[in-house]
There are 2 protein chains.
Amino acid sequence: MSRQMVRPGGRSARVQAAVHTAVRELEAELGRDGLTVPLIAQRAEVTPSTIYRRWGDLAQLLSDVAVERLRPDTAPQDHGGLASDLTAWAEQFLDEMASPAGRAYIRDALLGDPDGSNAGQCSAYAADQVDVILTRAAGRGEDTPGVETVVDHVVAPLMYRILFRPAGLDAAHARGLVAGLLEGDAAEK
Amino acid sequence: MSRQMVRPGGRSARVQAAVHTAVRELEAELGRDGLTVPLIAQRAEVTPSTIYRRWGDLAQLLSDVAVERLRPDTAPQDHGGLASDLTAWAEQFLDEMASPAGRAYIRDALLGDPDGSNAGQCSAYAADQVDVILTRAAGRGEDTPGVETVVDHVVAPLMYRILFRPAGLDAAHARGLVAGLLEGDAAEK
DNA sequence: ACCTTAAAGCAAATTTCTAGCTTCTAGGGA
DNA sequence: TCCCTAGAAGCTAGAAATTTGCTTTAAGGT
């Protein structure tokens with residue numbers, strides 16, 4: 001996480017934690033649009049210039065916080081088979097990401113991310129989850145597609161619609177993507 | 001185009017044009033990061049408050065300009081067959097969108113877009129282009145997938161990688177996506 | 001214990017943003 | 001054609017934000 005690893009223990013770490021906490025608290029209290037750097041600084045008991053110097057601006061700070069919140073907190077559930085594992089995961093992914101909150105985090109993560117490292121992190125989270133599912137399936141002796149294939153055929157279409165076409169996204173579509181992937185070319189690559 | 005249609009002829013239109021032009025000129029001269037509302041206002045010979053009132057903030061103004069620049073200026077080339085038409089289009093799409101400039105426009109378009117209408121417009125541009133290709137192929141009697149299928153299998157994966165995984169994107173990948181789509185399930189839907 | 005130095009604090013200067021009020025002008029009606 | 005009206009644009013002062021130079025603090029190494 002780019003801007004995170006700064007003098008791991010000690011004052012810097014405390015400031016970072018205080019600022020992140022302040023962002024989350026204020027976001028809950030005032031909503032995404034009520035946030036300002038001076039406000040956050042005050043809540044975190046830090047001077048605004050500290051935030052400007054460490055994060056550059058509000059967008060980059062929010063991007064860092066958003067990535068944290070997009071990190072999956074649990075491993076994908078095991079339903080005993082590749083198809084059901086992937087389907088369940090895709091449905092849950094869609095659920096979390098397509099919610100107003102999820103979309104806000106995705107946008108924030110992309111937004112204040114000059115070098116693309118935060119976006120890359122988000123993508124890595126999804127790829128890791130998928131990898132867990134595929135590895136598990138392979139362990140069972142199932143024929144599995146590659147992670148890249150799943151990302152292209154399931155994750156990407158979902159994310160594209162979330163970002164570019166707010167309407168008409170439901171669990172059925174997610175299921176359809178997984179089904180299309182598995183029947184079409186499960187062994188590819 | 002959301003904020004564009006304001007008193008089509010007359011002063012408003014002139015102001016809008018002046019502001020958009022100013023954005024493009026200044027972006028060329030100073031780069032994306034040198035832009036500020038007061039600067040743009042000065043170049044456009046307009047008061048800053050006019051920009052704030054009409055667009056809200058810099059992000060929304062840039063979003064409008066970005067969408068304009070993402071509008072395709074020509075119909076997809078006709079290579080005589082669905083496979084080659086789609087392949088060529090995908091390669092060109094990737095080329096334009098994955099360039100630093102293209103990525104900046106996509107980001108800007110998504111960024112200052114509270115209601116998602118600009119993002120929807122971008123998506124519609126791509127869907128329209130694809131539709132032209134598919135309709136043309138159908139006219140030749142070819143078996144074609146639906147627009148949605150092409151969007152899910154080609155456009156979405158490309159866009160996802162452009163946004164989330166800056167590295168490792170090339171024309172070969174675009175070709176592979178099209179090939180996978182056409183051999184796997186050309187008649188689906 | 002003592003340096004070194006990255007990072008935080010402070011405060012002044014600058015810039016950007018907001019808001020209230022005035023002026024202009026395109027478009028419509030008499 | 002000549003008003004009238006309403007939606008924008010202009011102007012300005014005040015509030016809020018961002019930037020910047022300098023000082024102080026405290027981790028981490030010697």
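All values below come from the heavy atoms of this structure, side chains included, with hydrogens, waters and symmetry mates left out. In the text below, chain A, chain B and the rest are named by the order of the sequence lines, each starting its count at 1.
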Could you tell me the separation between the [atom1] atom of [X] and the [atom2] atom of [N], rounded to a whole number of Å?
X     : N      : atom1 : atom2 : answer
A:L35 : D:dA16 : CG    : P     : 17 Å
A:R54 : D:dT18 : CZ    : C1'   : 18 Å
B:W55 : D:dA9  : CH2   : C1'   : 12 Å
A:D33 : D:dA17 : CG    : P     : 14 Å
B:Q16 : D:dA8  : CD    : P     : 12 Å
A:I51 : C:dA7  : CD1   : P     : 16 Å
B:R14 : D:dG10 : CZ    : P     : 10 Å
A:E45 : C:dC10 : CD    : C1'   : 16 Å

Discussion item. When you measure from the side-chain N and O atoms of B:T47 to the phosphate of D:dC11, is any distance below 4.0 Å, counting only OP1 and OP2?
Written reply: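 No, outside the criterion.
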
Discussion item. Side-chain N or O of B:Y52 versus OP1/OP2 of C:dT18: is the shortest distance under 4.0 Å?
Written reply: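 Answer no for this pair, as no side-chain N or O of B:Y52 is under 4.0 Å from OP1 or OP2.
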
Worksheet entry | Given C:dC17, C:dA8, D:dA17, the nucleotide with the shortest approach to the side chain of A:S12 |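 That would be C:dA8.
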
Discussion item. So, taking the atom named NE2 in A:H173 and the one named CZ in A:R161, what distance separates them when rounded to the nearest 0.5 Å?
Written reply: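 So the gap between those two atoms works out to 3.5 Å.
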
Worksheet item: Hey, what do you get for CZ (A:R32) to CG (A:L26), rounding to the nearest 0.5 Å?
Response: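 Interatomic distance, A:R32 CZ to A:L26 CG, rounded to 0.5 Å: 12.5 Å.
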
Discussion item. I'd like to know if A:R140 and A:D85 make a salt bridge, using a cut-off of under 4.0 Å between side-chain N and carboxylate O.
Written reply: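 Salt bridge between A:R140 and A:D85, a charged N being under 4.0 Å from a carboxylate O: yes.
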
Worksheet item: Is any side-chain N of the basic residue among B:R14 and B:E45 closer than 4.0 Å to the acidic one's carboxylate O?
Response: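 Here B:R14 does not pair with B:E45 in a salt bridge, since their nearest N and O are not under 4.0 Å apart.
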
Worksheet entry | Distance-only polar pair, side chains of A:S84 and A:T87, donor-acceptor under 3.5 Å |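 Judged by distance alone, the side chains do not pair up.
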
Between the protein and nucleotides 23-25 of chain D, which nitrogen or oxygen pairs come in under 3.5 angstrom?
{"from": "D:dT25", "atom 1": "O2", "to": "A:R11", "atom 2": "NH2", "distance (Å)": "2.8"}

Fill in: A:R53 vs A:L39, nearer the 5' end of DNA chain D by closest nucleotide
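It is A:L39 whose nearest nucleotide is closer to the 5' end.
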
Fill in: Donor-acceptor contact present, side-chain A:D113 to main-chain A:N118, <3.5 Å
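Flag set: sc A:D113 to bb A:N118 pair under 3.5 Å.
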
Worksheet item: Does A:R43 have any salt bridge (charged side-chain N to carboxylate O under 4.0 Å, His left out) partners at least two apart in sequence or in another chain, and if so, which?
Response: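 In terms of salt bridge (charged side-chain N to carboxylate O under 4.0 Å, His left out), with neighbours along the sequence ignored, A:R43 is linked to A:E25, A:E29.
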
Discussion item. Need one value for B:S49: base, sugar-phosphate or nothing, where a base atom within 4.0 Å counts as base even if backbone is also close, heavy atoms only.
Written reply: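 If one applies the 4.0 Å heavy-atom cut-off, B:S49 turns out to touch a base.
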
